[in-house]
Engineer: 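There's a structure below that I have some questions on.
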Amino acid sequence: DLIGRFGRLSLRRTTMTQNKIRNRFLCSAALAWSLAAFAPVAMAQDGDTEAEASGEDLKLERVVSIGSRVPSRSALDTPAPVDVIPGDEFVNQGTNDVSDILRTAVPSYNVNTQPISDAATIIRPANVRALSPDNVLVLLNGKRRHRGSVISFLGGGISDGAQGADVSVIPSLALSRVEVLRDGASSQYGSDAIAGVINFQLREDNSGGTLEAVYGSTYEGDGNNYRIAGNIGLPLTDRGFLNLTGEISDTDGTVRSIVRGDVEALIAAGNTAVADFQTINTYTDQVPQYWGQPDVKDNYKLFFNSGIELSDSAEIYAFGNYAERTVEGGFFFRNPTNRGGVYRGPLVDPVTGAADPNGVASILVGDLDGVGTGGSCPAGIPLTQGGGLIADPTVLAQVTGDANCFSFVETIPSGFVPRFGGDNTDYSLSGGIRGAFDIGSGLNYDFSVVHGSSKSEFFIRNTINASLGPNTPRDFNPGAYQQTETIVDADFSYSLPVSGLASDLNIAFGTQYREEEFEITAGDPASFQLGPLADQGFSSSSNGFGGFTSSSTSTQDSVAFYVDLEADVTDQLTMQGALRYEDYDAFGDTTDYKLGALYRVTDNFRLRGTISSGFHAPTAGQANVTNVTTQNVNGVLIDQGTLPLASAAGQLAADFIEARDGGRPELGTESAENFTIGAAFDVGAMTWTVDYFNIAVEDRIALSANVDFLDALDFIGNQSGLGPFTTVSDGLTQLGNANVINRNDFV
């Protein structure tokens, strides 16, 4: 019910062959009204001319620029399956996000709304053919698109640890078509193209324009959203074009949760503070923990596409974008009786609150001047009232009345729900020159440079750094991720007549240099600080999403060379072969191949198949990212860290895994073998494609199995005569004091 009520007003000024006003009504949960007008132009003389022009336009829409480097190859004549989705299909949808539109238009493309998913909420991971988001290559006007800044840690299993491109920054009105190659193509386009390639082709109109206003809501009355978008085509001299698209949109969040059972139990036991849901989450008074679509605010997108013919055999081109948005949503509820590192205390004596391994559950108490210094505090406030859900009033009064003792039930008795989000900024600029050298039948060339960046600046509100005790802020800036890429391409193709072939042999070859940089910006000090209560069981860092302790920049580069051959061997048989060598400074080199064939049984029935190898190299971000998230494990919230193997903590964990299992974890490239076979045939006015694919991926890049860090610390401590430790904080403190580790490396 995300688009329960929907309205659209579209004003279009385009060059057309016939005057007409159209009214369209979309009945599947959407109502649309469209007014189409046109600029004064020379009119067609009769309806037949219009029909012929429409037929030609339809054929042109089927010509593809991916999957084959033969000019003017149609989607039905490629050895691998290619879907072509015209731009109109992206406009006539009841959603604001290109990712959601692709989900309805492209087989095997899947993307979901991401509630309570950390940074994956900001840039949603999408899957093609059930593989990782970074196993599909995204192109814009045929050029590699930079990745998004977010690495997914709660992206829904297969997406965990992935860093894919952010296609949501593309306004649907900017697109003339989208081409989807559903086949492995690493040998043609490089790393990531294991599951396939998606090419977004921008509009090239040099006249006319479109203005759209869209409003929608859900049947529940929330999720209100609007979009205002416009496109205009302008001439650049009499031999060029400049096409501009802008879009502004907002989407309110939704609430699809109920009151949690543990909250109902606390209210029934007499904790009246927990009944104030608005105070708990700062967002809604309907439920304590909200679940649903996140809020997307101030969503601005600007794209341009341009080109000028320098001569009959050369043109220069440029395209790019700028986009920004703010995305935020909620996290899990922090229960005021049992949230570890904040509320949950040790087992204590039910009367005094002193530590007692045979005692009752308690709420954690901190000694502000340090344990063993000055006055003493109870180890915990016994939970003896309300069926074990309400604190003992006598010990609670003792803690409240002693300025040296502190518990979070004093300041936040209701528990809390952190609100997490980020400000995302994305930009790119691409330019080049293409044409043909007067060599033989014409040596086609395309020289280009692409530069792009995506940055996510995180924030988390309504939370705490528990180790700071009563001095904790409630709002934090944990830091930022930024991905920046620069790509230089030189592509050539030549059509060589070969005796015995039904067509010329198309020879394509070229080289690519790619440099990528992943930058981590440190958060504000309170977001990662080890406060005075850190050694008393209170967790450090901003609860829910810890701040990055230091700024760092990681880079890697690669160089590639490829050759691609294709020809019609006979009028019925087309064959294709490709070979690509790529060398990464951080992960070594790889050589990949592809063989493909298409056989035309009749004019309306074709058989096709490919076999290929593929690869995906880890990104600089995947090799160096640090992140701490909160996960629900068997109903208990625990902090889960993702650490680079090169870090001190990563090496400690690797030592432990090697000693326990006999193998040391490493980060390397993925490799794949891809096989596809299928058929394409026409039935009346419909075209059908049926394809079988089999992809075998080895050495997948993903998050490792969970390692209990306390076990790893006990392993290191045992070698130094220390431990076992009671908590991770206790182990780090003791190992640091013994100079076994540098404690600051494990903040």
Side-chain angles (χ1 to χ4, degrees), residues 334 336-349 351-357 359 361-383 391-392 394-413 463-474 476 524-543 546-547 549 628 639 709-710 713-714 716-717 720-747:
R334 273 56 175 165
T337 64
N338 58 25
R339 169 57 178 166
V342 182
Y343 293 106
R344 187 175 66 235
L347 298 177
V348 299
D349 183 275
V351 177
T352 66
D356 181 354
S362 74
I363 296 174
L364 186 63
V365 175
D367 190 328
L368 296 180
D369 64 3
V371 176
T373 303
S376 61
C377 299
I381 305 171
L383 290 166
D392 178 83
T394 302
V395 180
L396 175 60
Q398 175 188 343
V399 171
T400 303
D402 189 338
N404 185 53
C405 302
F406 173 76
S407 174
F408 276 103
V409 293
E410 299 179 62
T411 55
I412 316 176
T463 188
I464 58 174
N465 180 338
S467 69
L468 296 175
N471 297 318
T472 178
R474 295 303 306 274
F476 302 85
D524 64 65
S527 70
F528 59 81
Q529 188 174 347
L530 279 170
L533 299 183
D535 59 356
Q536 298 180 42
F538 289 85
S539 61
S540 64
S541 304
S542 44
N543 193 279
T549 59
V628 177
D639 291 328
F709 206 62
L710 184 58
L713 292 176
D714 283 337
I716 299 298
S720 305
L722 300 172
F725 308 116
T726 57
T727 64
V728 170
S729 179
D730 173 50
L732 292 173
T733 299
Q734 289 195 46
L735 291 170
N737 291 338
N739 294 321
V740 176
I741 64 171
N742 182 343
R743 181 65 178 86
N744 291 328
D745 290 339
F746 293 82
V747 175

Engineer: What pairs with N739 under side-chain contact (heavy atoms from CB on, under 4.5 Å), at least two apart in sequence or on another chain?
Structural biologist: none
Engineer: Could you pull out all residues at least two apart from P532 that satisfy side-chain contact (heavy atoms from CB on, under 4.5 Å)?
Structural biologist: L468
Engineer: If you look at every heavy atom in F725 and L713, which pair is closest and at what distance?
Structural biologist: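 Scanning both residues completely, I find the closest heavy atoms to be CE1-O, 3.3 Å.
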Engineer: ring-ring contact (aromatic ring centres under 6.0 Å, His included) with F406: which residues, sequence neighbours excluded?
Structural biologist: F408
Engineer: Do any N or O atoms from the side chain of S540 and from the backbone of L530 form a donor-acceptor pair under 3.5 angstrom?
Structural biologist: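 Absent.
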Engineer: Among all residues two or more places apart in sequence or in another chain, which pass the side-chain contact (heavy atoms from CB on, under 4.5 Å) test with D349?
Structural biologist: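 Once residues adjacent in sequence are excluded, the partners of D349 under the side-chain contact (heavy atoms from CB on, under 4.5 Å) criterion are V351, T352, D356.
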Engineer: Any non-hydrogen side-chain atom of D524 less than 4.5 Å from a side-chain atom of P473?
Structural biologist: no
Engineer: If the condition is side-chain hydrogen bond (donor to acceptor under 3.5 Å, both in side chains), which residues does T337 pass it with, not counting sequence neighbours?
Structural biologist: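 Counting only residues at least two positions away or on another chain, T337 forms a side-chain hydrogen bond (donor to acceptor under 3.5 Å, both in side chains) with N335.
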Engineer: Ignoring hydrogens, what is the shortest heavy-atom contact between P336 and P413? Give both atom names and the distance.
Structural biologist: CB-O, 3.5 Å
Engineer: What are the two closest non-hydrogen atoms of L383 and A391, and how far apart are they?
Structural biologist: CD2-N, 3.8 Å
Engineer: Check G366 against C377 and note the closest heavy-atom contact, atom names and distance.
Structural biologist: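 What the structure gives for the nearest pair is O-SG, 4.1 Å.
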Engineer: Just to verify, what does S527 make a side-chain hydrogen bond (donor to acceptor under 3.5 Å, both in side chains) with, not counting sequence neighbours?
Structural biologist: none
Engineer: Check A466 against V342 and note the closest heavy-atom contact, atom names and distance.
Structural biologist: CB-CG2, 4.1 Å
Engineer: Just wondering, do I412 and R334 contact through their side chains at under 4.5 Å, heavy atoms?
Structural biologist: no
Engineer: Donor-acceptor pairs are to be reported for all side-chain atoms of residues 395-402 against protein atoms at under 3.5 Å, with residues two or more places apart or in another chain.
Structural biologist:
residue: T400; atom: OG1; partner: L396; partner atom: O; Å: 2.9
residue: D402; atom: OD1; partner: N404; partner atom: N; Å: 2.9

Engineer: So, using side-chain contact (heavy atoms from CB on, under 4.5 Å) as the criterion, who are the partners of L364 when residues are at least two apart?
Structural biologist: P346, F538
Engineer: Are any of the side-chain heavy atoms of T463 and R474 separated by less than 4.5 Å?
Structural biologist: no
Engineer: Looking at every non-hydrogen atom in both residues, tell me the closest pair between P378 and C405 and how far apart they are.
Structural biologist: CD-SG, 4.4 Å
